[in-house]
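Step one of this worksheet: look at the structure below.
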Amino acid sequence: MIIWLFIVACLLLQGEILGQQLSPGDRKRIDDFLNEAMRCQRYTGLSVSVVRGGEAVFTKGYGMAVYYGENSTENIPVTADTVFPIASISKHMTASIIGHVLQNTSYTWDTPYTQMIRELFNEDIYLNDFWRTEKASLRDMLSHRMGIAGHDVIRYGNQWSKRELVERIRFISPRAEFRNSYWYNNILYSVASYVAERHAGKEWGELLRDNFFTKLGMANASTFKLGHAANFSGWALPHETYVRNELGIHFGPIPMSLFDDYITGPSGPAGGAATSAKDMAMWMNFQLNYDKEPYVSILNPEITKQIRRGVWARGPQNRDNTKPRNDFSFGSSSYGMGIGNGYWRGHPVLSHGGSLTVYTSDYAILPYLNMGVFVASNQPASYLSEIRMFIFDVLLGIENPYINISRLCSREFESDMVDLEEEDDDAGLRYAIESIVNLIDTEKLDEIKSKLINRSPMANELEPYQSNQNAYALAKAITAIGRKIPRNAERNSSLVKEFSKYTGTYGNFAYGNCTVRLQPNTSLFDSQLELSYGWMTFSLKRDNATLPNVFTMTVLELYEYNSEKVVFSSSKNNDVIDQIHLSFDTWDRPYLWVRNRKFSDAPPPGRRECPTPVPPVPCPTRRSSGSRNEAINLVGVLTFIVILLGI
């Protein structure tokens with residue numbers, strides 16, 4: 001009895017400690033760590049929020065929300081109220097708002113999506129095949145088990161409404177069997193949210209604002225669309241930083257037009273929310289205390305439980321090495337609906353990261369310890385999850401945290417970690433290198449190029465670290481521009497004549513339209529052709545004169561978007577080029593694009609009825625054993641007659 005009383009007393013004491021504010025020593029440890037991380041990683045800006053025991057115990061901003069240069073008077077520092085896009089952390093909010101809108105209907109997470117659309121709006125929606133069309137549910141879409149590759153570039157095309165996106169989804173070919181594998185897909189979050197928006201009669205961002213942000217007191221929380229209406233006042237603008245040997249060269253601020261697909265297009269539900277450090281503290285406390293007042297009146301606790309339940313198990317990306325790498329477990333081992341389930345030092349953790357072209361974020365809560373950490377940056381920042389790991393260890397009273405500032409700055413652990421944290425591979429930055437360079441004004445571009453050439457010798461190869469590979473590709477492209485421009489000026493009329501046959505508009509039923517034109521003489525990039533899709537532009541370079549219709553999407557021959565070639569051809573096997581085989585997704589095959597193809601030319605959807613099974617092939621007929629016995633008996637009778645007659 002005494003032992004039980006002692007245990008209860010300890011638990012109560014622990015609960016009291018966890019509910020207290022940070023000690024001055026712990027606050028200083030976190031602050032010193034973040035200041036040093038800012039220095040060695042050259043983050044442009046950071047927003048950090050920490051909650052414990054139902055309270056916001058640390059909310060602070062670091063660096064610059066808007067940075068024009070060291071001596072600029074227009075620089076704006078980050079504060080705890082500065083708004084940062086949170087990218088795919090938005091998915092957790094999207095799942096929550098869908099559940100909120102549908103909670104008073106007869107539908108569940110497992111009701112077939114097309115059934116809801118038919119019964120609520122008298123509309124028909126089709127996916128690529130019969131089984132997905134008839135069986136796919138909100139749970140399937142939100143837990144990434146549809147077997148459909150991401151095709152993120154479709155979002156950046158920004159060519160249609162959410163309804164039109166839903167209509168086109170049937171032309172994306174699956175890469176795996178339905179409900180048989182994990183394929184991260186942002187587009188399907190827009191498809192899933194469509195039913196909630198139609199049912200509520202409000203746009204996704206308005207639903208978040210009216211049902212969550214306002215009720216939780218998240219005063220600065222927003223979305224790209226809502227932020228655009230306010231001219232992005234109070235937002236951290238996007239930047240990029242090239243880091244080499246702790247030298248930081250900043251690109252930016254990059255125009256917000258980079259995110260038109262989130263402002264006017266259908267992409268918001270996958271990653272279009274934005275919050276401040278203070279706002280995110282309120283969201284984390286809501287998630288940590290979802291089954292208590294006043295939160296139960298905002299969202300039914302059963303919805304939160306369903307969202308968190310792991311649907312799909314995930315394994316480490318590096319599956320070849322099974323040697324234990326740490327003396328405790330961590331990472332995300334399964335995925336629910338917009339949230340990952342895992343462990344940190346044996347404690348259950350719910351987490352998600354975010355990557356949105358040039359914004360990055362990380363969010364995690366320890367639900368049974370009532371703790372949470374949020375970190376966001378206004379650049380493609382590395383190691384945000386490692387910052388969160390350090391803060392968790394401080395909150396847990398760990399004297400020697402797994403991540404210390406020496407390891408963070410040296411990056412010694414990068415090749416030694418099994419990444420279970422985040423599989424949100426956003427294609428925006430990878431595919432936007434050329435477009436970002438074109439968005440930077442000439443004077444700023446010259447300044448960046450001068451710094452890169454004079455202060456930091458460029459390596460022949462990209463930096464081996466995956467964490468900053470795109471930044472190095474961008475830096476190398478800017479450095480190479482100077483020696484490439486004169487080649488464009490030498491284009492002659494025969495070259496124009498040779499490549500004009502490829503120019504024009506090409507359509508695909510899933511992607512919409514892309515345009516191919518001759519590379520302008522004023523272009524910063526050297527190639528024969530330029531392909532544009534939405535706001536993005538790509539240089540097309542002919543590799544081999546013996547294969548005249550084959551091109552590579554490349555940035556100054558330094559960086560290729562994917563391994564697939566762009567192949568022009570003629571459907572009539574003559575010299576009239578009227579189609580392209582082009583891939584925008586590294587995980588999928590090239591798709592066929594046809595000159596002047598329109599969506600009105602699309603074939604009708606397949607039948608809704610279950611396909612008639614092929615009748616089985618009948619087994620071959622064999623003679624019965626009775627016939628054989630009769631033959632044997634007949635032979636016996638004839639033999640007897642021959643003997644009897646003495647023949």
Side-chain angles (χ1 to χ4, degrees), residues 90-148 161-170 172 174 176-204 207-208 211-212 266 268-270 290 296 298-313 334-339 341 605-611:
S90 308
K91 289 180 171 64
H92 189 204
M93 297 179 176
T94 296
S96 298
I97 199 61
I98 292 173
H100 175 78
V101 170
L102 298 178
Q103 65 183 331
N104 294 321
T105 70
S106 60
Y107 302 117
T108 72
W109 295 108
D110 299 304
T111 303
Y113 178 82
T114 54
Q115 176 187 333
M116 289 191 288
I117 295 294
R118 284 199 303 268
E119 293 177 358
L120 289 173
F121 319 126
N122 195 29
E123 296 177 1
D124 282 321
I125 295 296
Y126 297 86
L127 299 178
N128 184 266
D129 56 43
F130 171 81
W131 293 111
R132 286 176 175 83
T133 297
E134 290 302 308
K135 301 298 183 181
S137 65
L138 291 172
R139 193 188 303 275
D140 296 320
M141 294 179 181
L142 300 178
S143 63
H144 306 298
R145 62 176 184 176
M146 292 287 290
I148 299 174
S161 67
K162 194 167 296 178
R163 172 65 177 134
E164 291 169 319
L165 175 65
V166 170
E167 289 176 346
R168 290 176 181 267
I169 200 71
R170 66 186 170 100
I172 298 180
E177 300 239 350
F178 180 43
R179 295 177 180 167
N180 197 37
S181 60
Y182 177 90
W183 284 79
Y184 198 93
N185 192 300
N186 288 300
I187 296 171
L188 291 174
Y189 267 72
S190 295
V191 174
S193 68
Y194 173 73
V195 67
E197 291 181 326
R198 285 289 308 275
H199 186 61
K202 290 184 178 181
E203 187 266 336
W204 166 81
L207 289 172
L208 287 183
N211 294 283
F212 292 153
Y290 70 95
V296 294
I298 295 176
L299 184 65
N300 186 336
E302 291 302 316
I303 294 174
T304 300
K305 291 178 183 178
Q306 285 287 318
I307 289 171
R308 294 179 176 184
R309 182 167 69 86
V311 177
W312 193 256
S334 69
Y335 196 89
M337 291 185 278
I339 197 71
N341 292 271
R607 297 180 306 167
R608 297 208 81 100
E609 298 82 12
C610 182

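Computed from a predicted structure; not experimentally measured.
- Results of the side chain to side chain contact (heavy atoms under 4.5 Å, CB included) test with Asn185 over Ile172, Val191, Ile148 single out Ile148 as the only residue that passes.
- Residues Thr114 and Asp124 are not in side-chain contact: their nearest non-hydrogen atoms beyond the backbone lie 4.5 Å or more apart.
- Side chains of Pro112 and Glu134 form no contact here, defined as non-hydrogen atoms less than 4.5 Å apart.
- For the residue pair Thr94 / Trp204, a side-chain donor-acceptor distance below 3.5 Å is found, with atom types taken as modelled.
- Remark: Arg163 engages Glu167 in a salt bridge, criterion side-chain N to carboxylate O under 4.0 Å.
- No more than 12 heavy atoms of other residues, nucleotides or ligands shown are found within 6.0 angstrom of CG on Asn122.
- With 3.5 Å as the limit, one finds no donor-acceptor pair spanning the side chains of Thr111 and Trp109.
- In terms of heavy-atom proximity, Leu207 sits nearest to Ala196 at CD1-O, 4.3 Å.
- One distance of note links OG of Ser190 with CG of Leu165; it measures 6.0 Å at 0.5 Å rounding.
- Contact check for Phe212 versus Ile97: side-chain heavy atoms found under the 4.5 Å cut-off.
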As a quick check of understanding, evaluate side chain to side chain contact (heavy atoms under 4.5 Å, CB included) for Leu102 and Leu138, giving each step before the final call. CA-CA 11 Å; Leu102 298 178; Leu138 291 172; 3.7 Å; yes

Please report the C-alpha distance between Tyr189 and Met141 in whole Å, then the side-chain angles of each, then the deciding distance to 0.1 Å, and finally whether the side chain to side chain contact (heavy atoms under 4.5 Å, CB included) criterion is met. CA-CA 7 Å; Tyr189 267 72; Met141 294 179 181; over 6 Å; no

Using the side chain to side chain contact (heavy atoms under 4.5 Å, CB included) rule, take Leu127 and Tyr113 through it: C-alpha gap first, then chi angles, then the decisive distance, then the call. CA-CA 10 Å; Leu127 299 178; Tyr113 178 82; over 6 Å; no

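- Taking every heavy atom of both residues into account, Arg170 and Asn128 meet most closely at O-ND2, 3.1 Å.
- Aromatic rings of His199 and Tyr194 (six-membered ring for Trp) have centroids beyond the 6.0 Å cut-off, not under it.
- When all heavy atoms of Leu142 and Ala192 are compared, the closest pair comes out as CD2-CB, 3.8 Å.
- Under a 3.5 Å cut-off, the side chain of Glu119 and the backbone N or O of Met116 do not form any donor-acceptor pair.
- Salt-bridge check for Glu123 with Arg118: failed, with every basic side-chain N at 4.0 Å or more from each acidic carboxylate O.
- Here the side chains of Ser96 and Ile303 are not in contact, with every heavy-atom distance at 4.5 Å or above.
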